[in-house]
Structures are given as structure tokens and as C-alpha cells.
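A short write-up of the structure that comes next.
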Amino acid sequence: MTRTRTDDIEPATGIEFDGTPVPFTPGQTIGGALAGAGIVSWRTTRRDHAPRGLFCGIGVCFDCLVTVDGVRSQRACLVEACAGQVVQSSDPDEPLPLSELSAEAFGPTQSAGPSAEEPHV
């Protein structure tokens with residue numbers, strides 16, 4: 001049997017993906033943990049409902065979006081897996097609650113520009 005470097009790493013407790021426990025090794029992303037567990041698709045496109053999962057692996061394409069601990073639209077290829085995380089597959093047709101929609105669209109606070117008290121840098 002050929003041993004790989006990861007054979008010597010003890011799996012962490014794991015994450016929960018759509019109710020299923022998924023093990024990971026320290027330093028792995030959520031996408032890496034899902035792929036390592038054989039889960040390669042976890043969302044679909046809006047129009048054609050084509051399966052999506054990891055594609056670019058560097059955060060450029062947005063194909064790997066998941067909900068992590070209630071925060072939607074997180075890129076699984078960039079978010080590091082942490083013990084106890086609750087990860088859910090993302091449904092692009094599911095509407096956002098109004099409070100989330102406002103925060104995503106406008107951020108926590110909006111400003112028209114620097115105030116008179118703030119120096120322009």
C-alpha cells in the first residue's frame with residue numbers, strides 16, 4: 001500500500017453538509033472536504049439546472065457556492081473547513097429573506113462619501 005502525506009493527518013471532527021457528517025483534515029477548504037468525501041456537485045444553475053461544484057478552485061468562477069453557518073453565497077473553494085460548521089447546498093431559486101437581501105445589496109451602512117469631519121485621503 002502506498003502511503004500519502006495525508007495518511008498521517010488525523011481527521012478533524014468534521015463539518016455537517018446538508019445533515020450528513022463530512023470529515024476533513026486541518027487546512028482543507030470546505031470544497032476540498034466535500035470532494036474528498038465524494039461529493040462533487042451541490043448546486044445547480046438557475047436556467048438549465050446543470051450540476052455545479054468545484055470548477056476553478058481559486059474563487060473566480062462562483063460555481064461552488066454554499067451556505068456556511070447561515071451565511072449564503074460562500075465559495076467552498078476558499079472557506080477553510082472548521083469543526084462543527086453547518087454547510088448547506090445553495091438553491092439559486094430560493095429567495096433571500098428581506099433582511100439578508102438588504103445587507104447583501106447595500107452592506108451594513110452606506111455613505112455618500114466622506115463627511116466634512118473626515119479628512120480626504
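Scope of the values below: all heavy atoms of this structure, side chains included, with no hydrogens, waters or symmetry mates.
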Kindly compute the distance separating CD (Glu16) from CD (Gln85), expressed to the nearest 0.5 Å.
11.0 Å

Which atoms form the tightest heavy-atom contact between Trp42 and Ser89, and what is the distance?
O-CB, 2.8 Å

Only pairs under 3.5 Å count here: list side-chain donor-acceptor contacts from residues 51-70, not counting sequence neighbours, and write none if there are none.
from  : atom 1 : to    : atom 2 : distance (Å)
Asp69 : OD1    : Val86 : N      : 2.8

If we ignore hydrogens and angles and just use 3.5 Å, is the side chain of Gln74 paired with the main-chain N or O of Arg72 as donor and acceptor?
yes

Can you list the steps and then say if Gln88 with Asp18 is a side chain to side chain contact (heavy atoms under 4.5 Å, CB included)?
CA-CA 5 Å; Gln88 297 169 302; Asp18 287 345; 3.7 Å; yes

With sequence neighbours left out, write down each residue that passes side-chain contact (heavy atoms from CB on, under 4.5 Å) with Val22, or none if nothing qualifies.
Ile15, Phe17, Ala33, Leu34, Ala37, Ile39

